[in-house]
Amino acid sequence: MIRVLSVASECVPLVKTGGLADVVGALPAALKGAGVEMRVLLPGYPAVLAALEGSEVLEEVDAFGGRLRLLAGRAAGLDLLVLEAPHLYDRPGGPYLDPQGRDWADNDARFAALSWTGARIGAQGAGGWMPDVLHGHDWQAGLMPVYLKDAGHDRPTVLTVHNIAFHGLTAAARMGALRLPAWAFHPDGFEFYGQISALKAGLVHAWRITAVSPTFARELATPEHGAGLDGVIRSRGGDVRGILNGIDTASWDPMNDPAISGFKSPNGKAANRSALMAECGLVEAGGPLAVVVSRLSDQKGLDLLLAALPAFLAQGGQLALLGSGDRRLEHAWLAAAEAHPGQVSVKIGYDEALSHRFYAGADAVLVPSRFEPCGLTQMYGLRYGAIPVVARTGGLADTVIHANAAALTAGCATGLVHDPQSVPALEEALRQLCALHAQPAAFRQLQKNAMKHKVGWEASAPLYAALYARLADSHATEKA
Ligand code: ADP
């Protein structure tokens, strides 16, 4: 059994703002069968502490402006290590934002403390449990390999990039407060144009880097998608690889989902579709019912969708959106719903159970992202027979097979992929969706193909397990 410490700022079902949480929460169970014992280190947010059962204090230390207590316990079937630090985490709001939607001013320290604690566990273990490999996720765990190196330890580290757009930047003057070593502050270390970049720290110092899809791994090495870090990615050469995310097929199972009327074939979706139409106040117009479940941010291309909406509605299409985020986009979408009563429904907020009802009731899931490291909503769509209509970028390109004539004939088509990410291309994809939807037999076949498509962890869990095993072996060999 290989022991791995996963270090992250979100984890389903305890705290979630996006796909990172789904992946961190699903990996331990997915890897168990592959010979990996994974524990997850999380910040002690109120929701995490409230869920923790049988907790035990393993260590107490004063650092990062207060008392840090490392707790061990279980919650939601996961083996957790929790960093209890009320001065950093005991607050209302989300993991990164205050109730007004602004970044917490001390986010640098909040996640530096998490990374520092991960490194400490890598150096000395936790309650007698010593991980063979440390696996950090995104910038919030980016500093972990630096702390570990600075303490003179060489335990293998992996950093997974779920999103390159968040760097965890902070002023160089924060070096002391964050306990960062001066030796690593230079352009080949974690300096990013005069600032500290937590993500760059991980990209430079982790033993291996993974990206959440093969296409995203290739894109990261390009100036267009590398967000200023493409040079760092290129310099890491073969240390970078893409491992496609899976979804937790047990909690996302259309036959066994408490949030919906269970179904095992596209025909069984009808009851969910009518229920969703009624819940959203939509009136049948004969075309496809498309849904969006998304953070509202520039990344997601939902401004493009707003522009493509009139043409889609004119063909009998209907749209229900569930999302929150950028206030400007929230207002624009609410205005679209007001302009098209009965055709467009917009729910601003975050609602996990409602998201299940959206996928179960929809004919299509729209993901017009400008970039998308992996994307999970198109995979929930596949699993629930809601045809994904996606932009050809990142993991969207790796998970959806475009329904051109050849793929339809071969019986492997699962959705519609458009390229470039533009309003005309999106309008054309939505026109194709309406045309396919108007041929019930062909559309049912597409839905069946989608529901059969493998979206679980069966392919990717062994890739992570093999990566950990190689790292643990090479570490043991070096020590021998
Ligand atoms: P990202 O991580 O960039 O937000 P992903 O597609 O990888 O995008 O993951 C998004 C996850 O968050 C999915 O599980 C999706 O169902 C969920 N989600 C996004 N917005 C909402 C919302 N408003 N309500 C419920 N679930 C949401």
Engineer: So P388 and L382, do their side chains get closer than 4.5 Å, heavy atoms only?
Structural biologist: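 A side-chain contact under 4.5 Å exists here.
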
Engineer: When you compare the side chain of V390 with that of P368, does any pair of heavy atoms fall below 4.5 Å?
Structural biologist: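 No, too far: nothing below the 4.5 Å cut-off.
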
Engineer: With distance as the sole test, does E10 use its side chain to make a donor-acceptor pair with the main-chain N or O of G18 at under 3.5 Å?
Structural biologist: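 At least one qualifying donor-acceptor pair exists.
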
Engineer: Does the pair E458 and K454 meet the rule for a side chain to side chain contact (heavy atoms under 4.5 Å, CB included), with working shown?
Structural biologist: CA-CA 8 Å; E458 50 280 85; K454 290 224 179 313; 3.8 Å; yes

Engineer: Donor-acceptor check, side chain of R383 to backbone of I247, threshold 3.5 angstrom: yes or no?
Structural biologist: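 Side chain of R383 to backbone of I247: no pair is present.
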
Engineer: Do D230 and R234 sit within salt-bridge range, that is, some charged N less than 4.0 Å from a carboxylate O?
Structural biologist: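 Looking at D230 and R234, the cut-off is met.
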
Engineer: Would E191 and K200 count as a salt bridge (Lys or Arg N to Asp or Glu O under 4.0 Å) here? Give the steps.
Structural biologist: CA-CA 8 Å; E191 181 194 342; K200 187 177 175 195; over 6 Å; no

Engineer: Does the side chain of Y350 pick up a donor-acceptor pair with the side chain of E352 at under 3.5 Å?
Structural biologist: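 Note: Y350 and E352 side chains meet the donor-acceptor criterion.
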
Engineer: Report the C-alpha distance between R392 and V400 in whole Å, list the side-chain angles of each, state the deciding distance to 0.1 Å, and finish with yes or no for side chain to side chain contact (heavy atoms under 4.5 Å, CB included).
Structural biologist: CA-CA 9 Å; R392 190 186 306 283; V400 181; over 6 Å; no

Engineer: So do the side chains of F216 and V161 get within less than 4.5 Å of each other, counting heavy atoms only?
Structural biologist: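 Yes, at least one pair of side-chain atoms sits under 4.5 Å.
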
Engineer: Using 0.5 Å steps for rounding, measure from the OG atom of S115 to the CE atom of M144.
Structural biologist: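 If I round to the nearest 0.5 Å, the distance is 6.5 Å.
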
Engineer: Can any side-chain N or O of R208 pair as donor or acceptor with the backbone N or O of G238 at less than 3.5 Å?
Structural biologist: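 No, because the side chain of R208 does not come within donor-acceptor range (under 3.5 Å) of the backbone of G238.
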
Engineer: Please give me the minimum heavy-atom distance between I209 and L203, naming the atom from each residue.
Structural biologist: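 Looks like CD1-O, 3.2 Å.
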
Engineer: Has the side chain of Y384 got a donor or acceptor atom that lies under 3.5 Å from a matching backbone atom of D253?
Structural biologist: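 At least one qualifying donor-acceptor pair exists.
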
Engineer: Rounded to the nearest 0.5 Å, what separates atom CZ in R102 from atom CG in N107?
Structural biologist: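 Going from CZ on R102 over to CG on N107, the span is 12.5 Å.
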
Engineer: Find out whether R273 and L289 are in side-chain contact, i.e. whether some heavy atom of one side chain is under 4.5 Å from a heavy atom of the other.
Structural biologist: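 R273 vs L289: side chains touch.
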
Engineer: Between H356 and W252, how do the two ring planes meet: parallel, tilted or perpendicular, split at 30° and 60°?
Structural biologist: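 Ring orientation of H356 relative to W252: parallel.
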
Engineer: Nearest 0.5 Å, please: how far is OG in S9 from NE2 in H162?
Structural biologist: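 It comes to 9.0 Å.
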
Engineer: Report the distance from atom NE2 of H167 to atom CG of L199, rounding to the nearest 0.5 Å.
Structural biologist: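 The NE2 atom of H167 sits 5.5 Å away from the CG atom of L199.
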
Engineer: Decide yes or no on side chain to side chain contact (heavy atoms under 4.5 Å, CB included) for V291 and L319, but give the supporting numbers first.
Structural biologist: CA-CA 6 Å; V291 299; L319 189 102; over 6 Å; no

Engineer: Could you tell me which non-hydrogen atom of C11 sits nearest to which non-hydrogen atom of L78, and how far apart they are?
Structural biologist: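 For C11 versus L78, the nearest heavy atoms are SG-CD1, 3.6 Å.
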
Engineer: Mind checking whether Y464 and V158 have side chains closer than 4.5 Å, heavy atoms only?
Structural biologist: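 No, side chains not in contact.
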
Engineer: Closest heavy-atom contact between L416 and A429?
Structural biologist: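 The pair with the smallest heavy-atom distance is CD1-O, 3.6 Å.
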
Engineer: Is the distance between the ring centroids of F111 and W139 less than 6.0 Å?
Structural biologist: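 Yes: the rings meet the under 6.0 Å criterion.
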
Engineer: Side chain of E219, backbone of G394: donor and acceptor closer than 3.5 Å?
Structural biologist: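 Yes; judged by distance alone, with no hydrogens or angles, the pair exists.
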
Engineer: Closer than 3.5 angstrom, by distance alone: can the side chain of S213 be matched with the main-chain N or O of G242 as a donor-acceptor pair?
Structural biologist: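 Pair absent, no side-chain N/O of S213 close to backbone of G242.
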
Engineer: Can you tell me if S460 uses its side chain to pair, donor with acceptor, with the backbone of L244 under 3.5 Å?
Structural biologist: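 Flag set: sc S460 to bb L244 pair under 3.5 Å.
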
Engineer: Judged by atom type as modelled, is there a donor-acceptor pair below 3.5 Å linking the side chain of R236 to the main-chain atoms of W207?
Structural biologist: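 Flag set: sc R236 to bb W207 pair under 3.5 Å.
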
Engineer: When rounded to the nearest 0.5 angstrom, what distance separates CD in E284 from OG in S274?
Structural biologist: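 Here the interatomic distance stands at 8.5 Å.
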
Engineer: So if I apply the side chain to side chain contact (heavy atoms under 4.5 Å, CB included) rule between F312 and each of L426, L305, L433, which one comes out positive?
Structural biologist: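 Going through L426, L305, L433 one by one, the side chain to side chain contact (heavy atoms under 4.5 Å, CB included) with F312 is satisfied by L433 alone.
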
Engineer: Using every non-hydrogen atom in the two residues, find where P95 and V15 come nearest and quote the distance to one decimal.
Structural biologist: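 Heavy atoms of P95 and V15 come nearest at CG-CG2, 3.8 Å.
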
Engineer: Which atom names give the shortest non-hydrogen contact between I260 and P254, and what distance separates them?
Structural biologist: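 Heavy atoms only, the tightest pair is CD1-O, 3.7 Å.
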
Engineer: Checking side-chain polar atoms at under 3.5 Å, does N163 have a donor or acceptor matched by the opposite partner on Q299?
Structural biologist: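 Note: N163 and Q299 side chains meet the donor-acceptor criterion.
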
Engineer: What verdict does the side chain to side chain contact (heavy atoms under 4.5 Å, CB included) test give for S345 and L321, after you've listed the backbone C-alpha separation in whole Å, the side-chain angles of each residue and the deciding distance to 0.1 Å?
Structural biologist: CA-CA 6 Å; S345 158; L321 176 142; over 6 Å; no

Engineer: Has the side chain of Q378 got a donor or acceptor atom that lies under 3.5 Å from a matching backbone atom of C374?
Structural biologist: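 Yes; judged by distance alone, with no hydrogens or angles, the pair exists.
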
Engineer: Considering all heavy atoms of both residues, which atom of L14 and which atom of A47 are nearest to each other, and what is their separation?
Structural biologist: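 Heavy-atom minimum between the residues: O-CB, 3.8 Å.
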
Engineer: Answer with yes or no whether the side chains of H135 and T160 bring together a donor and an acceptor at under 3.5 Å.
Structural biologist: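 There is such a pair (donor and acceptor under 3.5 Å, judged by atom type) between the side chains of T160 and H135.
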
Engineer: Find the distance between CG (D398) and CE (M379) and round it off to the nearest 0.5 Å.
Structural biologist: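 Those atoms lie 9.5 Å apart.
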
Engineer: For a quick check under 3.5 Å, do R444 and N267 share a side-chain donor-acceptor pair by atom type?
Structural biologist: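 Checked: R444/N267 side chains pair up, N/O donor to acceptor below 3.5 Å.
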
Engineer: Would you check if Q432 and H418 make a side-chain contact, meaning some heavy-atom pair closer than 4.5 Å?
Structural biologist: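 No, their side chains stay 4.5 Å or more apart.
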
Engineer: Quick check: does any side chain N or O of Q421 sit under 3.5 Å from a backbone N or O of S369, one acting as donor and the other as acceptor?
Structural biologist: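 Pair found, side chain donor or acceptor close to backbone of S369.
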
Engineer: I would like to know whether R91 and D106 meet salt bridge (Lys or Arg N to Asp or Glu O under 4.0 Å); could you show each step before the answer?
Structural biologist: CA-CA 12 Å; R91 1 180 136 165; D106 59 348; 2.7 Å; yes

Engineer: Quick test of your reading of the model: are D298 and R328 salt-bridged, counting only N-O distances below 4.0 Å?
Structural biologist: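 Between R328 and D298 there is a salt bridge, with a charged N closer than 4.0 Å to a carboxylate O.
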
Engineer: Could you tell me whether the side chain of D108 reaches within less than 4.5 Å of the side chain of L178, counting heavy atoms only?
Structural biologist: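 They are in side-chain contact.
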
Engineer: Any side-chain donor-acceptor pair under 3.5 Å between H137 and S6?
Structural biologist: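 Yes - a donor-acceptor pair under 3.5 Å links their side chains.
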
Engineer: Does a donor on one side chain sit under 3.5 Å from an acceptor on the other, for S297 and D326?
Structural biologist: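 There is no such pair between these side chains.
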
Engineer: Are a donor atom and an acceptor atom from the side chains of D22 and Y380 found within less than 3.5 Å of each other?
Structural biologist: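 The criterion, which ignores hydrogens and geometry beyond distance, is satisfied for Y380 and D22.
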
Engineer: Does a side-chain heavy-atom distance below 4.5 Å link Y468 with P156?
Structural biologist: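 Heavy-atom side-chain distance check fails, nothing below 4.5 Å.
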
Engineer: Any idea how H437 and F443 line up, ring-wise: parallel (<30°), tilted (30 to 60°), or perpendicular (>60°)?
Structural biologist: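 Perpendicular, since the angle between the ring planes exceeds 60°.
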
